[in-house]
A.B. asks: 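One structure follows; several queries about it will come next.
Reminder, nothing fancy here: chain letters follow the sequence lines and each chain counts from 1.
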Protein chains: 2
Amino acid sequence: MATIKHVAKRANVSVATVSRVMNNNGYVSAEAREAVERAIAELDYAPNRVARSLFKKTSGLIGLIMPDITNPFFPQLARAIEDVANQHGYQVVLCNTDEQLSKEQTYLVALQTMHVDGLIITTNHSDNPNYEKLELPMVALDRIVKPGIDAVISNGYEGGRLAAETLLSCGATKLAHIAGPKHLLTVRRRTDGFLDVAGDRLVGMTHSSFAFKEALTAAQTLFDEYWPFDGVFAANDVIAAAVLQEAVRRNVRVPEDLQVIGYDGIELGEMTSPPLTTIAQPIYEMGRRATERLLDLIEKKETAAKEILLPVTLTERQTTKRKGHDA
Amino acid sequence: MATIKHVAKRANVSVATVSRVMNNNGYVSAEAREAVERAIAELDYAPNRVARSLFKKTSGLIGLIMPDITNPFFPQLARAIEDVANQHGYQVVLCNTDEQLSKEQTYLVALQTMHVDGLIITTNHSDNPNYEKLELPMVALDRIVKPGIDAVISNGYEGGRLAAETLLSCGATKLAHIAGPKHLLTVRRRTDGFLDVAGDRLVGMTHSSFAFKEALTAAQTLFDEYWPFDGVFAANDVIAAAVLQEAVRRNVRVPEDLQVIGYDGIELGEMTSPPLTTIAQPIYEMGRRATERLLDLIEKKETAAKEILLPVTLTERQTTKRKGHDA
DNA sequence: GCATAATGTGTAACCGGTTACATATCAACT
DNA sequence: AGTTGATATGTAACCGGTTACACATTATGC
């Protein structure tokens, strides 16, 4: 690999001059600039980012910490983050923590010692003290870490309300709910919104993680203990898919006998049979906004908002009846 | 952040000695070692990887180039890669190229200038000249780039055969197939294997990308043009999910009237109704093997195998009848 | 008891960039 | 003509590690 010295020699200038034309700062004569540019082209030179990084204490890297990229909600987020980062010349380092504090800790020091410029965190240990001492720009995504830390989230409470309102206005009268993991504040809000609207029309509720197998078990429990009901709101689309599958197994027709609404708006919802009605978060948008915010933080554009709340929307597919039909 | 100089000063030794205890090489007296270790602990010192990287020309980073992490086959792969890399102290940089040569090119120079130690490529431009001039360890995953480059793939041809054999032994007599993108050699092999066994029992075939929307269109075309058939093999699980959905739409019962087999063995297959029978690739294992191979290459353990071929297995769920029932 | 090898430690060069500072030239202004 | 400021460029220090090399000191062999 060619270095700046090779370029300097070839262009008959000093390394300082080469550096000046690369970074487009300081005074450089037209001839010198031209000579340097020719040398760069001829040698196919690209500056060593490691060397630059060492001096500038900036790496062009951002760390992305998520529980598990295998959970179908995250790839879209990762994609958005990667897209925006890339457009601005940054690369992203992927870290799966399985929500284990020890892994998180290991990654944190690894990322720190490699001088990442910022962090996006979709993992939540609100109680994790590690983040605080970290003097790094960071934004929480779909999570709320701490008052002081920027967050990008969607309106879970309204989403939960919307789910209940939709179910009711589509004619459901006996509602059931499968809530998500209790330690996720953003997920609890969906449940809160749903329950507030459902009121005493709620006939049953259970909990599940976002793993499909567990969701299936939870769905079975729901049917075993609370059937009959005619409208289910699941805390995410994976759980909703489990409800759908369990309904099929029990010969419960969807949406005729039972309407189902999921949450997230991941692609999976299009692939179930019937396709899933869901409360869609603007997933890509969330990733985009979080990254833009982070880059602003990194580049010291002191932007105002500390918490960005995005709206959710109803994506009507075929697990609900047409709205207002028999409401 | 504490630097090696701070540690040296505090331990009353030179930076060389500190470096020696950090790397556990050279001679260090017991007292010196102890003093250094104490200083490290007290200062909470972690060596700057950027500085180390500059001198050693090694970064502890591996580049992961994939078409689109959003495609449900890739997250598992990424997870496996990340796990293994992490266990060995490496981090992974995620790159989505959308199979666009220009993006690939941009990433390649970015990764190169940041001195990544190796590359895992799940993207395929067999014709891409960029990879050749790259003096970097790399392994192709689920792709075949070039004879000289290591590859980890699963046995697509056998998988295709297995799909056909299964369909036939479960009583299907009129087979149909939706093939995948033509430019993917590993995917074409599935089709080859399937066709070789199907022979003249094939009644129809069409093509599709791996995008669900396109797969739905392809499924419709298949039904429109070739119905009736009683066994479908789809080139991947996403396409199979589309076939399932289209079958439901047309009131074709699965598996009674139509049996369906997918390919890949992604989690989606468990979530469809009914759950999908599929030819499962050992996805996690593939990612693991590719990464282990790459690390061997990086660390110059000249290992033999140039192409690692992994077996596929049949995952019987509920879109096929019980085997041998009516064969 | 002396040559030799093993052990222990510090100094400084090096990796490949960036930039403060010194120096030089030249045009403009008084 | 002399001062001043803008333009242009090179030298060398610096970022934070690693390691070749020089130099001591101690242990071992004959």
Side-chain angles (χ1 to χ4, degrees), chain A residues 1-40 43-61 89 109-117 135, chain B residues 1-40 43-61 89 109-117 135:
Chain A
M1 281 289 291
T3 74
I4 198 172
K5 276 182 200 156
H6 298 131
V7 176
K9 179 169 290 179
R10 182 157 195 134
N12 269 314
V13 297
S14 71
V15 294
T17 300
V18 177
S19 182
R20 286 187 193 105
V21 342
M22 298 281 315
N23 298 293
N24 225 339
N25 62 19
Y27 294 110
V28 181
S29 67
E31 311 90 77
R33 161 162 280 119
E34 210 206 327
V36 169
E37 272 161 359
R38 187 168 38 237
I40 287 175
L43 294 174
D44 203 15
Y45 168 73
N48 182 326
R49 286 174 66 183
V50 177
R52 176 176 285 173
S53 188
L54 178 58
F55 187 88
K56 306 263 275 191
K57 292 172 183 339
T58 191
S59 61
L61 252 24
V109 333
L111 293 173
Q112 201 175 204
T113 59
M114 68 206 280
H115 273 286
V116 296
D117 294 334
E135 280 298 316
Chain B
M1 280 289 292
T3 73
I4 198 172
K5 275 181 200 157
H6 298 131
V7 176
K9 177 169 291 178
R10 182 157 196 134
N12 269 314
V13 296
S14 72
V15 294
T17 300
V18 177
S19 182
R20 285 186 194 106
V21 342
M22 299 282 314
N23 298 294
N24 224 340
N25 61 19
Y27 294 111
V28 181
S29 67
E31 311 90 77
R33 161 162 282 118
E34 209 206 329
V36 169
E37 273 162 0
R38 185 170 37 239
I40 287 175
L43 294 173
D44 205 14
Y45 168 72
N48 183 326
R49 286 174 67 184
V50 177
R52 175 176 286 174
S53 189
L54 178 58
F55 187 88
K56 306 263 273 189
K57 293 170 184 339
T58 191
S59 61
L61 251 24
V109 333
L111 293 173
Q112 201 175 204
T113 60
M114 68 206 278
H115 273 285
V116 295
D117 295 333
E135 280 297 316

A.B. asks: Should Asn48(B) and Thr3(B) count as side-chain neighbours, where that means a heavy-atom distance under 4.5 Å?
C.D. replies: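 A side-chain contact under 4.5 Å is absent here.
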
A.B. asks: Take the C1' atoms of the five end pairs on each side of the helix from dG1(C)-dC30(D) to dT30(C)-dA1(D), get both axes, and report the angle to 10 degrees.
C.D. replies: 50°

A.B. asks: Taking the side chain as everything from C-beta on, heavy atoms only, tell me whether Val15(B) gets closer than 4.5 Å to Lys5(B).
C.D. replies: yes

A.B. asks: Taking side chain as C-beta onward, heavy atoms only, is Met22(B) less than 4.5 Å from Val7(B)?
C.D. replies: no

A.B. asks: So which protein nitrogen or oxygen atoms get under 3.5 Å of nucleotides 14-16 of chain D's nitrogens or oxygens?
C.D. replies:
residue	atom	partner	partner atom	Å
dC15(D)	O3'	Lys57(A)	NZ	2.8
dG16(D)	OP1	Lys57(A)	NZ	3.0
dG16(D)	N2	Ala51(B)	O	3.4

A.B. asks: Write down the protein N/O and nucleotide N/O pairs, taken from nucleotides 8-11 of chain D, whose separation is under 3.5 Å; answer none if there are no such pairs.
C.D. replies:
residue	atom	partner	partner atom	Å
dT9(D)	OP1	Ser29(A)	OG	2.8
dT9(D)	OP2	Ser29(A)	N	2.8
dT9(D)	OP2	Ser29(A)	OG	3.0
dG10(D)	OP2	Ser14(A)	N	2.8
dG10(D)	OP2	Ser14(A)	OG	3.0
dG10(D)	OP2	Thr17(A)	OG1	2.9
dG10(D)	O6	Arg20(A)	NH2	2.6

A.B. asks: Between Leu111(B) and Met114(B), is there a side-chain heavy-atom distance shorter than 4.5 Å?
C.D. replies: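 A side-chain contact under 4.5 Å exists here.
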
A.B. asks: Between Tyr45(A) and Arg10(A), is there a side-chain heavy-atom distance shorter than 4.5 Å?
C.D. replies: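 Sidechains of Tyr45(A) and Arg10(A): no contact.
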
A.B. asks: Distance check: side-chain N/O of Ser19(B) vs OP1/OP2 of dG17(D), anything under 4.0 Å?
C.D. replies: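 It does not, given that no N or O in the side chain of Ser19(B) lies less than 4.0 Å from OP1 or OP2 of dG17(D).
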
A.B. asks: Between Ser59(B) and Val116(B), what is the shortest heavy-atom contact and its length?
C.D. replies: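 Shortest heavy-atom contact: OG-CA, 3.4 Å.
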
A.B. asks: Does Asn24(A) reach the side chain of Arg33(A), with side-chain heavy atoms less than 4.5 Å apart?
C.D. replies: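 SC-SC contact between Asn24(A) and Arg33(A) confirmed.
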
A.B. asks: Please report the closest heavy-atom contact between Thr113(B) and Ala46(A), naming both atoms and the distance.
C.D. replies: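 Between these two residues, the closest heavy atoms are CG2-CB, 3.6 Å.
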
A.B. asks: Write down the atom of Ser14(B), the atom of Ala8(B), and the distance for their closest heavy-atom approach.
C.D. replies: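 Result for this residue pair: C-CB, 3.8 Å.
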
A.B. asks: Rounded to whole Å, how long is the line connecting atom CG of Asn23(B) with atom P of dT19(D)?
C.D. replies: 7 Å

A.B. asks: For Asn24(A) and dT18(C), give me the distance from atom CG to atom P, rounded to whole Å.
C.D. replies: 12 Å

A.B. asks: With heavy-atom distances below 4.5 Å as the criterion, would you say the side chains of Asn23(B) and Arg52(B) are in contact?
C.D. replies: yes

